[in-house]
Amino acid sequence: MDKKWEIVFDYLMHLIRENKVGAGEVLPSQNMLKTKFKYSEQPIRMAFNKLIELKIVKAVNGKGYVVQDKIKNNLLFSFRELFPNSTNTYYDLKEILITEELSKKTNFYVGSKVVHFKCLRKNKTLKKSFFIKKVWFQKTYAMI
């Protein structure tokens, strides 16, 4: 089960990723989020502190939490923003055990269980594939 602050963090990141709150705009207030989620101040503050730590937002006195420009925080929210006329196809999803060789490539500990998949990016207009990536992540995160 997600921690309360993570739920709030994910909600705020969703607002930013989906451009519901753009660069220079103010995120919902702590009071609004307390009412929406029925949480105390602590998890709300923790979510905002994580956004500040990641340089996604900046606290502005008397205003609230302002979303930073994506160039300033060096965060690419979506591959879609670079290639809007393309789609992802995911395949080869499997659980694997990290070997010594994979540990060197991925920095996961030898013997840890991870989920692995491949992603193929295709341009809808040209009908050509132009990007393949391999992804590994710890199994505990895959289940969230």
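These numbers were taken from a predicted model, which means no experiment stands behind them.
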TODO: Search all heavy atoms of Ala23 against all heavy atoms of Asp69 and return the closest pair with its distance.
DONE: CB-CA, 3.8 Å
Task: From Lys63 atom NZ to Leu27 atom CG, the distance as rounded to the nearest 0.5 Å - done: 11.5 Å
Task: Beyond-backbone contact of Gln68 with Lys55, side-chain heavy atoms, under 4.5 angstrom - done: no
Task: Minimum side-chain heavy-atom gap Ile7-Asp10 below 4.5 Å - done: no
Open item on the list: Could you check whether any side-chain heavy atom of Lys113 comes within less than 4.5 Å of a side-chain heavy atom of Ile96, counting everything from C-beta outward?
Closed with: no
TODO: Please tell me if the side chains of Tyr65 and Gln30 come closer than 4.5 Å, counting only heavy atoms from C-beta onward.
DONE: yes
- [ ] Could you state whether Leu54 and Phe48 fall into the same hydrophobic cluster, counting links through intermediate Ile, Leu, Val, Met, Phe, Trp or Tyr residues with side-chain heavy atoms under 4.5 angstrom apart?
- [x] yes
Task: Distance, nearest 0.5 Å, that separates NZ of Lys34 from CZ of Arg45 - done: 8.5 Å
- [ ] Enter the distance from His116:NE2 to Leu93:CG here, rounded to the nearest 0.5 Å.
- [x] 9.5 Å
- [ ] Compare all side-chain heavy atoms of Leu12 with those of Leu33 and state whether any distance is below 4.5 angstrom.
- [x] yes
Task: From Glu41 atom CD to Asn31 atom CG, the distance as rounded to the nearest 0.5 Å - done: 7.0 Å
- [ ] I would like to know whether Val67 and Leu15 meet side-chain contact (heavy atoms from CB on, under 4.5 Å); could you show each step before the answer?
- [x] CA-CA 10 Å; Val67 177; Leu15 294 177; over 6 Å; no
TODO: Report the C-alpha separation of Met13 and Ile56 in whole Å, then their side-chain angles, then the decisive distance to 0.1 Å, and conclude whether the side-chain contact (heavy atoms from CB on, under 4.5 Å) test is met.
DONE: CA-CA 9 Å; Met13 283 299 295; Ile56 295 169; 3.6 Å; yes
Task: Phe37 and Tyr39 aromatic ring geometry - parallel, tilted or perpendicular at 30°/60° bounds - done: parallel
- [ ] If you link ILVMFWY side chains whenever their heavy atoms are less than 4.5 Å apart, which other residues fall into the same cluster as Tyr109? By chain and number, please.
- [x] none
